[in-house]
Amino acid sequence: MRIVLIGPPGAGKGTQARFIASKLRIPSMSTGDIFRSHVGRGTSLGRDAKRFMDAGELVPDEITIDMLRERLAERDATNGFLLDGFPRNAAQAQILDEMLAEAGTGLNVVLELTAAEAEIVRRLSGRRQCRAHGHVTHTDLLRDADLCNLCGSRLYQRDDDREEVVRHRLEIYRAQTYPLVGHYTQRNLLVTVRAEGPFDEVTDRAMAALRVLDE
Ligand code: ADP
Ligand code: AMP
């Protein structure tokens with residue numbers, strides 16, 4: 001299965017990507033995670049990307065597309081993947097199609113996750129992540145305010161989860177990314193799942209939607 005996950009920031013894409021990818025035994029790839037890893041390691045790509053990320057802007061296509069091309073060329077991507085956070089605009093969608101066509105394949109499905117704006121703002125303002133493994137959690141779920149429930153390491157708040165940046169990221173999503181929902185609907189690739197409610201219920205709805213499409 002070659003799956004694209006699409007939805008506004010905070011819809012739960014990264015959270016669900018882990019569950020779905022492990023159920024389907026395919027790698028999950030997040031361009032945001034790859035960028036954050038570069039920023040953490042202080043690479044030149046990370047330095048280039050950071051100022052766009054901190055401002056809630058998209059990182060320029062030439063940087064993002066080259067990085068994604070390299071990731072898709074890795075061995076584990078040959079039998080399928082779940083892409084979280086790419087494509088985010090029309091140019092990226094076109095390049096992805098071209099890359100897959102060159103490899104003689106194409107997307108099977110685009111899974112859209114939706115949530116009400118108030119819930120998105122609640123999720124993003126409480127989102128916390130650990131540096132050690134990139135585990136994502138929420139302040140409402142923590143046993144200890146500063147420590148990851150999963151691995152016990154220290155948590156941090158993403159710079160781009162500050163309120164004014166969140167507002168800008170939502171605008172960018174509406175203007176540049178949301179039009180892809182129409183594009184993939186026309187191509188008969190889109191399934192939409194409501195991403196509110198308990199984590200496992202969202203996963204169940206997503207898996208049911210993917211199964212329907214597979215039949
Ligand atoms: P995205 O990758 O779409 O930006 P994340 O997966 O990082 O979103 O989730 C954003 C925040 O919302 C995190 O703090 C996460 O723990 C929380 N979250 C994700 N799914 C749910 C859910 N079904 N119910 C409540 N909170 C959720
Ligand atoms: P995410 O982790 O998906 O919320 O992404 C965090 C940030 O990384 C975004 O706000 C962008 O600055 C950058 N980013 C991630 N994916 C892309 C992409 N496909 N195109 C451009 N920028 C991206």
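Small disclaimer: the values here were computed from a predicted structure and weren't measured. Each ligand, and each atom within it, is numbered from 1 in the order the structure gives.
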Show the distances, to 0.1 Å, for all pairs joining an N/O atom of ligand 2 and a protein N/O atom that are shorter than 3.5 Å, listing one pair per line.
from     : atom 1 : to   : atom 2 : distance (Å)
ligand 2 : 2 (O)  : R36  : NH1    : 2.9
ligand 2 : 2 (O)  : R36  : NH2    : 2.9
ligand 2 : 3 (O)  : R88  : NH1    : 3.0
ligand 2 : 3 (O)  : R88  : NH2    : 3.2
ligand 2 : 4 (O)  : R158 : NH2    : 3.0
ligand 2 : 5 (O)  : R88  : NH2    : 3.4
ligand 2 : 12 (O) : E57  : O      : 2.6
ligand 2 : 16 (N) : T31  : OG1    : 2.8
ligand 2 : 16 (N) : G85  : O      : 3.4
ligand 2 : 16 (N) : R88  : NH1    : 3.1
ligand 2 : 19 (N) : G85  : O      : 2.8
ligand 2 : 19 (N) : Q92  : OE1    : 3.0
ligand 2 : 20 (N) : Q92  : NE2    : 2.9
ligand 2 : 22 (N) : V59  : N      : 3.0

Next item on the list: Using distance alone, decide if ligand 1 has a nitrogen or oxygen within less than 3.5 Å of any nitrogen or oxygen in G126.
Entry: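 N/O-N/O distance under 3.5 Å: no.
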
Check: Can you find an N/O atom of G197 closer than 3.5 Å to an N/O atom of ligand 1?
Finding: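 N/O-N/O distance under 3.5 Å: yes.
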
Checklist line | Pairing of D76 and R71 as salt bridge, 4.0 angstrom limit | finding: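 Salt bridge flag = yes for R71 with D76.
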
Next item on the list: Indicate yes or no: does D54 engage R51 in a salt bridge with an N to O separation below 4.0 Å.
Entry: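 No, D54 and R51 are not salt-bridged.
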
Notebook entry, point to check: What residues form a side chain to side chain donor-acceptor pair (under 3.5 Å) with R123, not counting sequence neighbours?
Noted result: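 In terms of side chain to side chain donor-acceptor pair (under 3.5 Å), with neighbours along the sequence ignored, R123 is linked to E119.
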
Item checked: For D140, side chain to side chain donor-acceptor pair (under 3.5 Å) partners two or more places apart ->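 With neighbours one apart ignored, the set is R122.
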
Quick one: does [X]'s side chain get under 4.5 Å of [Y]'s, heavy atoms only?
{"X": "L24", "Y": "I3", "result": "yes"}
{"X": "E57", "Y": "H168", "result": "yes"}
{"X": "I95", "Y": "L68", "result": "no"}

Heavy-atom nearest neighbour in the protein, as seen from [atom], with distance rounded to 0.1 Å:
{"atom": "atom 2 (O) of ligand 1", "value": "G14 N, 2.8 Å"}
{"atom": "atom 8 (O) of ligand 1", "value": "G12 N, 3.2 Å"}
{"atom": "atom 7 (O) of ligand 1", "value": "R127 NH1, 2.6 Å"}
{"atom": "atom 22 (C) of ligand 1", "value": "R123 NH2, 3.3 Å"}

So how far is it from [X] [atom1] to [Y] [atom2], rounded to the nearest 0.5 Å?
{"X": "E112", "Y": "T185", "atom1": "CD", "atom2": "OG1", "result": "7.5 Å"}
{"X": "L180", "Y": "Q94", "atom1": "CG", "atom2": "CD", "result": "11.5 Å"}
{"X": "I34", "Y": "M29", "atom1": "CD1", "atom2": "CE", "result": "7.5 Å"}

Note to self: If we set the cut-off at 4.0 Å for heavy atoms, which region of R122 has an atom near ligand 1: side chain, backbone, both, or neither?
What the structure shows: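 The part of R122 near ligand 1 is the side chain, not the backbone.
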
Checklist line | Which segment of T137 sits under 4.0 Å of ligand 1 when only heavy atoms are counted | finding: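 Within the 4.0 Å criterion, T137 contacts ligand 1 through backbone atoms alone.
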
Check: Should G7 be listed as contacting ligand 1, given a heavy-atom distance under 4.0 Å as the test?
Finding: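 Distance cut 4.0 Å: G7 fails for ligand 1.
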
Item checked: Distance filter under 4.0 Å to V136 heavy atoms, resulting ligand 1 atoms ->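 Counting from 1, the qualifying ligand atoms are 7 (O), 13 (C).
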
Item checked: Residue K13 vicinity, atoms of ligand 1 by number, heavy atom under 4.0 Å ->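 Matching atoms, with element in brackets: 1 (P), 2 (O), 3 (O), 4 (O), 6 (O), 8 (O).
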
Check: When hydrophobic residues are tied together by side-chain contacts of less than 4.5 Å, even through go-betweens, does V39 share a cluster with V165?
Finding: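 As far as the 4.5 Å side-chain criterion goes, V165 and V39 are not connected within one cluster.
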
Next item on the list: Closest by any non-hydrogen atom to atom 9 (O) of ligand 1: pick that one out of L113, I120, T15, L124.
Entry: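 Nearest heavy atom to atom 9 (O) of ligand 1 lies in T15.
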
Item checked: Cluster companions of L142 among Ile, Leu, Val, Met, Phe, Trp, Tyr (side-chain spacing under 4.5 Å) ->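 L155, all in the cluster of L142.
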
